[in-house]
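Just so you know, these numbers come straight off a predicted model, no measurement behind them.
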Amino acid sequence: MKLYDLGPSGNCYKVRLFAALANIDLELVPVDFANGAHKQPPLSELNPLGQLPILDDGGHIVRDSQAILVYLAGTYGGLAWWPDNPRGQAEIVQWLSFTANEIQQSLNAARLVQKFGYPLDKAAALEKAPAVLKLLDDHLLRHDWLAIDRPTIADCAVYPYVALAPEGDVDITPYSHVARWMASIESLTGYLKP
């Protein structure tokens, strides 16, 4: 399996992290993002949105990091990471949506401005960040993991941009339950640093 990858990307990292934790072999194919290789053939034919990561599993193409997590967990990760019941799947998917929306518009947006100079509203992102982190911290006050009482792809999806939040000037130190959860992820066998 090939993962078209960009090292600094949190979305690419979440796929690499899950693959490492689930012991799934991926061939990483670095993409020359700075020169727009992701927006030109052949990559633009694999993902017309011009985004990374892209997974190629023997010709089966999956784009979007959340979709790749579901695919890898369901195909190769076993029931430990992606349960076979709708209730458990729904618990996980709500966190995949949380990372694609709330975290994307706050923690990640601030990082994109600060670290990469993206033309986004950093002040608005920083204003949203405390509410996003508080929601996460409140959930983790009552739960060790985000969904179904064990590590899942939900944790792999949310963790990267929380761990990378300081790169966007977001202070995560006030959130003790988030810190405990992060330490739990970092102690898992196979953990891969961002």
Side-chain angles (χ1 to χ4, degrees), residues 3-22 28 31 33 38 49 51-55 63-70 72-73 81 91-141 143-147 151-188 190-194:
L3 181 71
Y4 293 92
D5 184 48
L6 178 64
S9 165
N11 284 323
C12 292
Y13 167 62
K14 68 180 69 169
V15 175
R16 294 192 312 269
L17 172 63
F18 172 64
L21 293 173
L28 300 181
V31 174
F33 191 84
H38 58 299
L49 295 173
Q51 299 170 345
L52 297 173
I54 303 168
L55 182 76
R63 61 177 168 80
D64 183 81
S65 58
Q66 274 65 257
I68 293 170
L69 289 175
V70 169
L72 288 176
W81 297 96
E91 276 190 53
I92 291 170
V93 169
Q94 70 185 1
W95 290 104
L96 300 183
S97 291
F98 180 77
T99 195
N101 292 300
E102 285 78 9
I103 287 179
Q104 175 67 32
Q105 295 169 20
S106 59
L107 310 181
N108 185 40
R111 178 178 181 257
L112 287 173
V113 173
Q114 182 67 27
K115 188 169 174 95
F116 302 106
Y118 274 58
L120 301 171
D121 187 341
K122 185 178 176 189
L126 291 173
E127 188 175 323
K128 293 174 188 173
V132 169
L133 288 166
K134 183 177 183 330
L135 187 151
L136 186 60
D137 202 59
D138 288 350
H139 178 79
L140 291 166
L141 168 65
H143 304 277
D144 290 334
W145 302 99
L146 294 182
T152 67
I153 58 171
D155 302 285
C156 295
V158 173
Y159 172 83
Y161 287 120
V162 175
L164 296 169
E167 293 183 359
D169 294 330
V170 175
D171 183 10
I172 60 173
T173 56
Y175 306 96
S176 61
H177 307 294
V178 169
R180 181 211 21 94
W181 166 75
M182 290 174 64
S184 295
I185 292 171
E186 292 160 7
S187 69
L188 292 172
Y191 171 75
L192 181 70
K193 289 183 179 184

Option among Phe18, Tyr159, Trp145 that satisfies the side chain to side chain contact (heavy atoms under 4.5 Å, CB included) test with Pro151:
Trp145

Measure the spacing between [atom1] of [X] and [atom2] of [Y] and express it to the nearest 0.5 Å.
X	Y	atom1	atom2	value
Ile92	Thr152	CD1	OG1	4.0 Å
Leu17	Ile185	CG	CD1	7.5 Å
Ile68	Cys156	CD1	SG	13.5 Å
Ile54	Leu6	CD1	CG	11.5 Å
Leu107	Leu136	CG	CG	8.5 Å
Gln114	Asp169	CD	CG	4.0 Å

Please report the shortest heavy-atom distance between [X] and [Y], naming the atom on each side.
X	Y	result
Pro166	Val162	CD-O, 4.0 Å
Leu188	Leu21	CB-CD2, 3.7 Å
Gly168	Ala110	O-CB, 3.5 Å
Leu96	Ala157	CD2-CB, 3.4 Å
Ala100	Gln104	O-CB, 3.2 Å
Cys12	Leu52	SG-CB, 3.9 Å

Non-hydrogen side-chain atoms of [X] and [Y] separated by less than 4.5 Å:
X	Y	value
Val132	Ile103	yes
Leu164	Lys115	no
Lys14	Thr99	yes

For residues 100-114, which residue pairs pass the salt bridge (charged side-chain N to carboxylate O under 4.0 Å, His left out) check, not counting sequence neighbours?
Arg111-Glu167

Indicate yes or no for a side-chain donor-acceptor contact from [X] to the backbone of [Y] under 3.5 Å, with no hydrogens or angles considered.
X	Y	result
Asp137	His177	yes
His139	Leu146	yes
Arg180	Leu140	yes

Identify, with sequence neighbours excluded, every residue that meets salt bridge (Lys or Arg N to Asp or Glu O under 4.0 Å) alongside Arg63.
none

Using the side chain to side chain contact (heavy atoms under 4.5 Å, CB included) rule, take Val31 and Asp5 through it: C-alpha gap first, then chi angles, then the decisive distance, then the call.
CA-CA 6 Å; Val31 174; Asp5 184 48; 5.9 Å; no

Walk me through it: do Leu28 and Tyr4 pass the test side chain to side chain contact (heavy atoms under 4.5 Å, CB included)?
CA-CA 6 Å; Leu28 300 181; Tyr4 293 92; over 6 Å; no

Which of Trp181, Trp95, Trp81 passes side chain to side chain donor-acceptor pair (under 3.5 Å) with Asp155? Answer is Trp181

Side-chain H-bond candidate by donor/acceptor type, Ser9 with Asn11, under 3.5 Å
no

Worked verdict on Val15 versus Leu55 for side chain to side chain contact (heavy atoms under 4.5 Å, CB included):
CA-CA 9 Å; Val15 175; Leu55 182 76; 5.5 Å; no

Sequence neighbours excluded - side chain to side chain donor-acceptor pair (under 3.5 Å) pairs with any residue from residues 125-136
Lys134-Asp138

